[in-house]
Number of protein chains: 2
Amino acid sequence: MKPKVTIKDIAAKLNVNISTVSRALNDFPNLKDSTKKKVLDTAKEMNYCPSHIAQGLSGKSTRVLALITPTLDPHVLPVIRGVTDACRKMRYAPMLFPNDYWSDETVAFADIKDKWMVDGMLIYNIVYHKKISKEVTGLKNEEIPFVYINKYLGAGIVNTVSVDNFKSVYKAINHLHKLGHKKIGIINGNLTSNDGRERFDAFKKSLKNLKFKYNEQYVGYGEFDKITAYNEMRKILSVRTRPTAIFCSSDLMAIGAMKAIRDKGLQIPDDIAVAGFDDIALGRYVKPSLTTLRTPLEEVGAKAVELLMDIIKNPGQPVKEFGLEAELITRQSSGKEK
Amino acid sequence: MKPKVTIKDIAAKLNVNISTVSRALNDFPNLKDSTKKKVLDTAKEMNYCPSHIAQGLSGKSTRVLALITPTLDPHVLPVIRGVTDACRKMRYAPMLFPNDYWSDETVAFADIKDKWMVDGMLIYNIVYHKKISKEVTGLKNEEIPFVYINKYLGAGIVNTVSVDNFKSVYKAINHLHKLGHKKIGIINGNLTSNDGRERFDAFKKSLKNLKFKYNEQYVGYGEFDKITAYNEMRKILSVRTRPTAIFCSSDLMAIGAMKAIRDKGLQIPDDIAVAGFDDIALGRYVKPSLTTLRTPLEEVGAKAVELLMDIIKNPGQPVKEFGLEAELITRQSSGKEK
DNA sequence: TGTCACTACGCAATCGTTTGCATGAGAGTA
DNA sequence: TACTCTCATGCAAACGATTGCGTAGTGACA
C-alpha cells in the first residue's frame, strides 16, 4: 500500500517545521504570506490530504458521525438519505448502525464514541424500546453530543428532530372540516408505537380545537396495515350514524379502509371522505387518489445533522426540539375544498 | 464531555507502564499471568474501551470500511444490509458514501482512505460510469484494499463479488426447456447497464448450450420497467409464430409483459410461460404468481465483506472473483415441471 | 546603542495506542 | 562467586496531526 503524504513530507520538502505546515494549512495569522503560499502549493502538488482521524486524536473533529437506525427497511431510507446528504455538505461521513443487528450484544451507544471517536450520534427510533431508552440516558450522562430522531421523549429531555404529528394531523382534520365534515372518524395504528400514540392524541386535540365532539364509535385501532384497517372500517361503517370522513394514521390503512367503504357500496369522497398519512407512492395510483400528509423524513434527517453540528460547536446549550410539519397533499379521496 | 478511560488510566491505577497494559490487553506472551489478570480485571472494572482510531494510527486496523453505493434507493438496500450485518459480526463499522451525492465534487475514492483511514472499500456499482471506472483504477494503483460489487470489469482485473448472471439465467432457461419450450423469447433491460448486457449474453449462450436457435423476432429491449416491457411484448406477440415462453430481465418487466399477454387474450402459462428476475415482493401476489430468480444481494454484500477482510489480512494475493447464483423460484407463471 | 514589541517560525508535548529495544531481577550453570 | 539466560517489565519512538511556549530576527524609538 502506498504510504500517505503527510505534513512531514511537505515540511521536509520545504525545509520547514511541521508546525509551520500545519499552521499554513489551517490559515493561522503570524505566518508570512509567501510561506503560506509555498506550503499550500506544495500540498496541492504532492496531493496532500489531511487525515481526519489524526486530527481527531489531537482534539479536533474526526468528521464522522454515527447514525443508529431501528432497521434497514425501505421506510427508514428517507431519513438515511437526508442524513447522508447533509453529511456530504458538511464533509462528514456517516457510520451506519442498524440497532436490530446490534441488539443481541451489549453494545453501549457510548462505546461507539469511544471506539470510533465519532463527533456525535444520531438516533433514529420508531418504537419504544427499554434498552434503547437506557442507552440514551447513558449518552446524556456521558455528555456525548447526540440528537434523537422522530421519537419524542418529553419536553426538554433530549435534543430532538421529529415530524410534528400534532400540527400535521391538524392540517388534515382542518382540511376535512373546511370541506364541511362534522362527523370525523379515525383508524389508528398501534398505540405502542410513538406515531400511533401521537397521531391519536393529535386527532383528539384537533377535534377539540375545532369544537367537534369525539365519538368512540368512530374510532378503530390496530396494526398499521391494510387488513386491520379494512376490518376496523367495516365496524365503523356498521354504526347507525356513519361518520362522513375518516382519517387514517397511515396510507396503507387508508387504502384498506377505502376498500371496505367500496365493498359496502359507498362512494369516496361523496359518501365518505378519506385521508391518510405518509404519502406512499401507491397513494397516487389508487382510485380515487389518496389525500394524505407527506412526512418530511429527508428533511428531518438533514435537520438532525444540522442540529447535531450546532450542539457539537456550541456545547452546553439548553435542549432544542424541532418538529417538522407534514405537507397536506389534497387529492381526490377527500373531495375539493370550496 | 466525560474523558475517555485510556490505558494510561489503567496503568496509573496499577502502577505499571502503559506498554504492559497494552500487552496484557493484546494477550502477549512474556507476561506474568497474574499481571495479565490484574490488567484485564481493572480494564473491565474501569469500563475501558479501546479506541480503534488510535489503534489505526499506530498501524493496526481502524475497524472501519467504506461502502460506496450508486444511490440510496430501495433496491440497493439488500446489499447494504448484507454488508452491515457482516460488518457487525467482525466488529467493524461501515461508512456510507452514496456516490450520486459525491459525484458533483472531485472526491477521489483514494482520498476516503487518507481522510478516514478506512481499512478498505466496497464499491457497489450498477451502471457503467467513466468517473467511477477511473477512480477504481486509482485504487488499484494506490494498492488500497477494495472489492467491487456486482459489476464485472473483465477477468482478473479487480476483486469482485457479484450475482452470476450467466449461471442464473441459465437456470431459468433450462427450467423453461425442461417444461418443453423450444421457442423462448426475452425482454431485456437497458444494455448500458451491466445486468442488462450480461443477462442478454447469458440468454444467448443458454440457448446455444441447449441447442436452440436465437430468433431476433423474439427479442425486446428497453428500460427495466413495466411500460417498456408491455410495449415490447405486444411487438413480440404480433409476429407470425409466437414464442411459447418469455424470459424477462426483471420482475417488473415480467409483470408488464404478463399484462400484454392477458390483454391479447392469451393464457399464462398455457399459451405463454413467463419468468422474471429479481424476486420482488409483488411477484408473489400477481396472478398467476411469477416464476423468477431470487438475486442473492444480501449474500453478495456479506461475501464482499468477507473477501475484503481476506484481502486486508493477506495482501498481495492474485485477484479473486466470486459469482453467487440466483435461486430459481418456480411459481405458476411458468407451469409445473414434469 | 540599548530596549521593546512584533513577526515568523521552531521545539516539544499531546491525543491513545503499539512495539522494538533496553534493563533489572532471579534462576541455572560451572 | 561470577557468568549467562530468560522472563517480565519499563522506556521511548512512532502513527499524523495540533498547539502552547520559547526565541531568533527585524524595525522603531529614544
Side-chain angles (χ1 to χ4, degrees), chain A residues 1-40 42-43 46-64 111-119, chain B residues 1-40 42-43 46-64 111-119:
Chain A
M1 207 148 36
K2 280 198 198 164
K4 189 192 171 328
V5 177
T6 72
I7 54 169
K8 272 190 197 167
D9 301 319
I10 302 179
K13 187 154 191 174
L14 294 176
N15 266 313
V16 297
N17 193 274
I18 54 165
S19 57
T20 303
V21 175
S22 172
R23 283 192 265 253
L25 293 170
N26 288 287
D27 200 26
F28 271 48
N30 288 2
L31 261 193
K32 255 203 296 189
D33 281 349
S34 61
T35 317
K36 222 174 253 186
K37 185 169 176 348
K38 247 189 347 192
V39 171
L40 262 30
T42 318
M46 298 179 75
N47 221 329
Y48 168 75
C49 186
S51 161
H52 297 321
I53 294 308
Q55 290 177 323
L57 240 197
S58 49
K60 297 183 89 179
S61 157
T62 51
R63 293 185 171 273
V64 178
D111 283 356
I112 292 180
K113 161 130 188 108
D114 279 352
K115 283 191 217 269
W116 287 288
M117 279 198 166
V118 299
D119 288 350
Chain B
M1 208 148 33
K2 278 197 198 166
K4 189 193 173 326
V5 177
T6 72
I7 54 170
K8 272 190 197 168
D9 301 320
I10 303 179
K13 186 156 192 172
L14 294 177
N15 267 313
V16 297
N17 192 275
I18 54 164
S19 57
T20 303
V21 176
S22 172
R23 285 191 266 252
L25 292 169
N26 289 288
D27 201 26
F28 271 48
N30 288 3
L31 260 193
K32 258 203 294 189
D33 281 348
S34 60
T35 317
K36 222 176 252 187
K37 186 170 175 346
K38 248 189 349 191
V39 171
L40 262 30
T42 319
M46 298 179 75
N47 222 327
Y48 169 74
C49 186
S51 161
H52 297 320
I53 293 309
Q55 291 178 322
L57 239 198
S58 52
K60 297 182 88 177
S61 157
T62 51
R63 294 187 171 272
V64 178
D111 283 356
I112 293 180
K113 165 135 186 101
D114 279 352
K115 284 191 217 270
W116 286 288
M117 279 199 166
V118 298
D119 288 350

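Chain letters run A, B, ... following the sequence lines, proteins first and then strands; every chain starts at 1.
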Length of the line joining B/I18:CD1 and C/dT17:P, which is rounded to integer Å: 9 Å

Between D/dG16, D/dT9, C/dA12, which nucleotide gets closest to the side-chain atoms of A/N17? C/dA12

Side chain of B/N30, heavy atoms from C-beta onward: which of D/dC21, D/dG16, D/dT9 has the nearest atom to it? D/dT9

Rounding to a whole Å, what distance do you find between B/M46:CE and C/dG16:P? 13 Å

Any side-chain N or O of B/K60 under 4.0 Å from OP1/OP2 of C/dT18? yes

Does A/S22 make a side-chain N or O approach to OP1 or OP2 of D/dA17 shorter than 4.0 Å? no

To the nearest angstrom, how far is B/I10 atom CD1 from C/dT18 atom P? 11 Å

Quick one: which of C/dC9, D/dG16, C/dC15 gets closest to the side chain of B/K8? C/dC15

When you measure from the side chain of B/S19, which nucleotide among C/dT17, C/dC15, D/dG10 comes out closest? D/dG10

If you look at every strand shown and take non-hydrogen atoms under 4.0 Å, does B/I7 touch a base, only sugar-phosphate, or nothing? base

Tell whether A/S58 reaches the base of D/dT18 with its side chain through a donor-acceptor pair below 3.5 angstrom. no

Side chains of B/K38 and B/S34: does their closest heavy-atom pair fall under 4.5 Å? no

Roughly, in whole Å, what's the span from CG in B/L57 to C1' in C/dT19? 15 Å

Has the side chain of B/S51 got a donor or acceptor that lies under 3.5 Å from a partner of the other kind on the base of C/dC15? no

If you measure from OG1 on B/T42 to CG on B/N47, what distance do you get to the nearest 0.5 Å? 13.0 Å

Could you work out which one of D/dT19, D/dT9, C/dT17 sits closest to the side chain of B/A54? C/dT17

Would you compute the distance between atom OG1 of A/T62 and atom NZ of A/K113 and round it to the nearest 0.5 angstrom? 7.0 Å

From the options C/dA12, C/dT17, D/dT18, select the nucleotide whose nearest atom is closest to the side chain of B/Y48. C/dT17

Flag side-chain contact, heavy atom, 4.5 Å: A/L40 against A/L25: yes

DNA chain D nearest-nucleotide lookup for B/T20 and A/K4: closer to the 5′ end is B/T20

Where the side chain of B/T6 is concerned, which of D/dG20, C/dT17, C/dC21 is the nearest nucleotide? C/dT17

Measure CZ/A/R23 against C1'/C/dA12 and give the value in whole Å, please. 12 Å

Tell me, do A/W116 and A/V64 make a side-chain contact under 4.5 Å, heavy atoms counted? no

Choose from C/dC9, D/dG16, C/dT18 the nucleotide whose nearest atom is closest to any side-chain atom of B/Q55. C/dT18

